[in-house]
Asker: 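Before anything else, here's the structure in question.
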Number of protein chains: 2
Amino acid sequence: MKFSLTLILLCSIAFAHSQSVQSPSKKINVVFALDDSGRPYYTADYNKKPVITRSYLGIKLKDMPALSSGFSVTRTSATSVNENWKPVLGEVAVINNHYNQLFVSLVQQTTGRQVNIIFRVFDEGVAFRYEFPVQKELNYFVITDELTEFSLTANHKAFWIPADFDSQEYVYNETPISEIDNDRLNLNNGIALKSIGGRYGVQSPLMMKTSDGLYLNIFEAAVINYPVMHLSKDPSANKFTAMLVPNALGDKAYLQAPAATPWRTVMVSDDARIIAASKMVLNLNEPSKIDDTSWIKPMKYVGVWWEMHVGRSTWDYAGSQNAQNQLSGQPIRSRHGATTENTKRYIDFAKEHGFDGVLVEGWNTGWEDWFGNWKEEVFDFVTPYPDFDIKEVSEYARRKGIKMIMHHETSGSVANYERRIDRAFNNMVTYGYPAVKTGYVGKIIPRGEYHDGQAMVNHFNYVPQRAAEYKIMVNSHESSRPTGVHRTWPNYIAAEAARGNEFNAWSSGNPPSHETILPFTRLLGGPMDYTPGIFEIKMNAYDAAKIEQVHTTLTKQLALYVTLYSPLQMAADLPENYEKHPEAFRFIKDVGLDWDDTKVLEAEPGDYITVARKEKGTARWFLGAITDENARQADISLSFLTPGKKYKAVIYRDGKSAHWKDNPMSYEIKTISVTSKTKLKLNLAPGGGAAISFFPED
Amino acid sequence: MKFSLTLILLCSIAFAHSQSVQSPSKKINVVFALDDSGRPYYTADYNKKPVITRSYLGIKLKDMPALSSGFSVTRTSATSVNENWKPVLGEVAVINNHYNQLFVSLVQQTTGRQVNIIFRVFDEGVAFRYEFPVQKELNYFVITDELTEFSLTANHKAFWIPADFDSQEYVYNETPISEIDNDRLNLNNGIALKSIGGRYGVQSPLMMKTSDGLYLNIFEAAVINYPVMHLSKDPSANKFTAMLVPNALGDKAYLQAPAATPWRTVMVSDDARIIAASKMVLNLNEPSKIDDTSWIKPMKYVGVWWEMHVGRSTWDYAGSQNAQNQLSGQPIRSRHGATTENTKRYIDFAKEHGFDGVLVEGWNTGWEDWFGNWKEEVFDFVTPYPDFDIKEVSEYARRKGIKMIMHHETSGSVANYERRIDRAFNNMVTYGYPAVKTGYVGKIIPRGEYHDGQAMVNHFNYVPQRAAEYKIMVNSHESSRPTGVHRTWPNYIAAEAARGNEFNAWSSGNPPSHETILPFTRLLGGPMDYTPGIFEIKMNAYDAAKIEQVHTTLTKQLALYVTLYSPLQMAADLPENYEKHPEAFRFIKDVGLDWDDTKVLEAEPGDYITVARKEKGTARWFLGAITDENARQADISLSFLTPGKKYKAVIYRDGKSAHWKDNPMSYEIKTISVTSKTKLKLNLAPGGGAAISFFPED
């Protein structure tokens, strides 16, 4: 799917000691150099102002000298690439991949070992990786630490979550770098399993803003056969160093040459919209390894799921989520959600409202005793509860034209899941399920592994790879966060891997700013199954004693379908709640999933974002605008619309007195006629949003 | 398959502090008691003489108080069992299970936690286990240590190998207990991966002999969902304590009540033959979980295997076992053993000589780069080398009526094997392979696990369980050693799990005493694929520079088919070596594999053993007699033969000047007529043996 390729060999110089490479626009300049001890380092400027100061590079090895000093340069080469490619599903029809590359071959004098460092400089940032070519002196090796540094110029504002080896489901903290301190966090946050890697560790993507208005982002791309990179802050400097997630032995990565680390990325721009719209991470991944992608489809779905989160039904058959139930064999009262009857109700609802799919959680045996016990054999992934007739359900769905989404909760017992994955996928094929939602709640088995270690990264990449053999799409929850690998395995259509909407149902929840930060962090790696669309904002609707609530207005829930990109989108609320608001529900039914074009119209991390997208293969546009806890007026030019064309714009906006806390369900819907010359003023309530559907009028 | 069952409730006493239980013969008396601190202990006498003095019992738990003191007895009960059952394959047609049981319920006063300790006293020894019943106070728990003691009365002679978490392939040391010291071992022994657990640790089964002629053996039975138990010597006493094999976190066992430990066994007899013939370990295992066992068959096989060990051919296609070959893609010279042509030669040979099966190692891709690299993805278990046409081979074998034995070397990467096991077994079904030899050479992946830890024990039990679904028999190499679990999964027909004949090909080898010790150690747990039958004793036959050799005479190699029980027996040498000795080869062709009866006629661990067995369903008997490095005259009464019946006895014996080192291939064959009244004098050379086939004459 390459449209054009420009590949120019610019030069090849031996034994250089300093070399630079610029972005195509020349705004970014990266210097690679060796210091007097042969230690490699790099710097990066943006518009001639330093953004990364001298930052050393290096790798520590087990039972071998570190690959960190004593290097000389044996060869360098520079190339440029400017090509276009088409994602299978995506935010735009065509992605441009345009960068200048500096390739540096190093040899360590004392060991004779070779390492290549490759820089790619894009207009919105720099990426680099270590490469270990085939060589006599380095075949199998174990990485015990990566010494990669990111030295910053000042105490920038940072949007950060603690470096946790098992979870990313945190609320973002917005503080100067100097105030990053995990010891000061309130950890009563609803996350059941936490493995925080030290006081000053944070996760990547790490979004920052400088006092002079530059946006910086440290992340990584193409994490394959390598652990996740978190970042360790030097408490005495504005500097971060790579913190790789260990295994039980403290080792980080087992490699065999030829091998390469993931790409380390530093995005930089004076325009936050450029960061949010960047395709750099995708460009750094390999093209699709699936030849026939015709079975990979976007999906809008409903499911037997939110009703468990709000306490109306249960995952387990016994109806109490109490592991002791199974011992007596006497469930007190069954409130099991995944019954044949209830599933048919959702299928009917999906059919009536034009959804593609239905997810059912709690359909299979094991939920009585699944949580928090580090138990290896919980689920077998094939045995339904007695009140879930999988054959009847799947035939009913097929007759109605609805696709069933299978649920495979592993409870973190990956050993068990991998043993059973062929049987589990075969079962899906038998009953015609084209997609699976996987879950990894709990401590990992094999015991001693973390969710973000090399072994689990490999597992999360393995599942879509195997699933592709069965033409199954994958939506992983509690996985390591995506780093663009869905370009390579496009059936990996979505992941959770951040704090999703569900936390609003039963914890302190997600503050109104949360969804304005995700496009600058989690979403840079790939689509998120955030499960928006909650209309019944306050949980006291289910139980008067509950104080939990969604921290947005209803209208903002609509806007999220546009602002949070995913080709898999859930309408997460209960059918009966949608039936109470059929006009607002209309937006969820209309909104696209796959796009020919995307415009980030406004963006400020932590404050607001406004996005417009053109639906794939149609002339429809959809717009979402959200704000944080502050009310906001968005002034939107509709210049993205096709000039000269008239559109009917259906505007879903917060009611005049709407407020995420005081009056979240107040909304207004207005239909007007617009063109590309129209300018709209949208008033967003505190914690509010606006959503617009643009239908061409002829 | 139970023939009779006597179950008598003898008594039920609350709050007893000391209680005894005797063997059916009353020779063994076991006392269970609590000391003043409520610490449980036991003692055992044999013919009123102490063999186990006060030995404490207890379990240490993670994050919970130890289950070791503060107990009171809440209930005891005594039962007797005397029943017969039929093994699917075995040494005898019917096994008698006869024991008296003492069941003790304990409660720990401070925690309210309950533990049951169950003693079963057989005529040849005592077994006990800990049981954790369902209870509120103990659901999920982690065992960090087992405190079980075995306090002995004196500094007995012991046959021991070091406690190694990854290997049992050691030569036995024969020393007083006081001289057990792993620091004094010569570890230049051909074992590639060693993980020795401390200076004074030894493995079980631990065979011992007292100065007054009692034989003692400490072992375990039914190791399921629990790590292997090694034994830690108290350097200041004649006492051993359980040493459980840890995982990467130092944890030993993850359990959920109801649960039980394996049985801890102490065999005791004044007759070594009773130990060697004991079925106590089998009796302590659960009956077969396979209903239809008709597909489980004994197998005598040849294979493309020894030729690699002697250096005539290679496992890898490139022909050098050099991992770097694959990089250049240019094998220098192919000496690959597993070619279609060579395999057909073995199939023809098997057909000509009446063997059941042919094993082929090195048939599949991966061997260029498999060894010692702790590499996760080595073998895929389905892709043949280009010179091995699996379809042609399997069709050729089927036409000849020969069963092919698949080889699955995992290189220790169990994660990879479990992921691929369904595809691997399906491939076997496709090509009609009814049996698999599995291998686990190398450090285990998941990294941090040992071959003998709970996770791997579970794996070794999992493979035959899954294989049974495909009607596949399993022969595991480098597994944890069997503990009678093949009663439960009778398709687990053999294992290696001790130092096999192969070590004679390329290491210091196995001393002449080795095979006289195995019946008192490794073989107590189950059949061993020792791969006897090497006729070309000295490796200089292949390469004049070689000094390695088999440490037996040729005749002793024949005798091993009888003395080392296995329903799976290899004729391990090359076809051309058998063709040079067609008369001696006759014994291997004739000897039975499955038995109606077995008589251990003589036995002294470390010195000699003589065994006679009656073939299942025929009137034929076979006898094997072996000695250690000392010449020996065996005086054998043939009273085991059916009285009044005449037999043609074909006697294979060492030549007059035979000697394992100086003249190993000297043998004589004599045919005589015998009856049950005949007495034979068999002269065994140093390192020699004798084998006899008894054919009824009418």
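Naming convention: chains lettered A, B, ... in sequence-line order (proteins, then strands); numbering from 1 in each chain.
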Asker: Using 0.5 Å steps for rounding, measure from the CG atom of A:N373 to the OH atom of B:Y254.
Answerer: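 Rounded to the nearest 0.5 Å, the CG-OH separation comes to 13.5 Å.
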
Asker: Given heavy-atom pairs under 4.5 angstrom as the criterion, report whether the side chain, backbone, both or neither of B:Y417 touches chain A.
Answerer: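 Interface part for B:Y417: neither.
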
Asker: Can a side-chain donor-acceptor contact be found between B:D369 and A:Q256 if the only test is distance below 3.5 angstrom?
Answerer: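 Judged by distance alone, the side chains do pair up.
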
Asker: For residues 438-447 of chain B, tabulate all N or O donor-acceptor pairs below 3.5 Å that involve a side-chain atom, not counting sequence neighbours.
Answerer:
{"from": "B:Y440", "atom 1": "OH", "to": "B:H459", "atom 2": "NE2", "distance (Å)": "2.6"}
{"from": "B:R447", "atom 1": "NH2", "to": "B:W374", "atom 2": "O", "distance (Å)": "2.7"}

Asker: State whether the number of non-hydrogen atoms from other residues, nucleotides or ligands found under 6.0 Å of A:K60 atom NZ is greater than 12.
Answerer: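 No, NZ of A:K60 has 12 or fewer neighbouring heavy atoms, counting only those of other groups under 6.0 Å.
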
Asker: Roughly how far, to the nearest 0.5 Å, is CG of A:D422 from CG of B:N426?
Answerer: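 Spacing of CG (B:N426) from CG (A:D422) equals 8.0 Å.
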
Asker: Considering non-hydrogen atoms only, spot the tightest contact between A:L249 and B:A248 and give its length.
Answerer: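 Looking at all heavy atoms of both residues, the closest pair is CD2-CB, 4.1 Å.
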
Asker: Please look at A:R420 and chain B and tell me whether the side chain, the backbone, both or neither of the residue comes under 4.5 angstrom of a heavy atom of that chain.
Answerer: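 The answer is neither part of A:R420.
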
Asker: Looking at CD of B:E376 and CD of A:Q454, how far apart are the two atoms once the value is rounded to the nearest 0.5 Å?
Answerer: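 The CD atom of B:E376 sits 8.0 Å away from the CD atom of A:Q454.
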
Asker: List the residues meeting salt bridge (charged side-chain N to carboxylate O under 4.0 Å, His left out) with B:E418, not counting sequence neighbours, and say none if there are none.
Answerer: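 With sequence neighbours excluded, B:E418 shows a salt bridge (charged side-chain N to carboxylate O under 4.0 Å, His left out) to A:R419, given in chain and number order.
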
Asker: Go through the atoms of B:I421 and report whether side chain, backbone, both or neither lie under 4.5 Å from a heavy atom of chain A.
Answerer: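 Neither part.
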
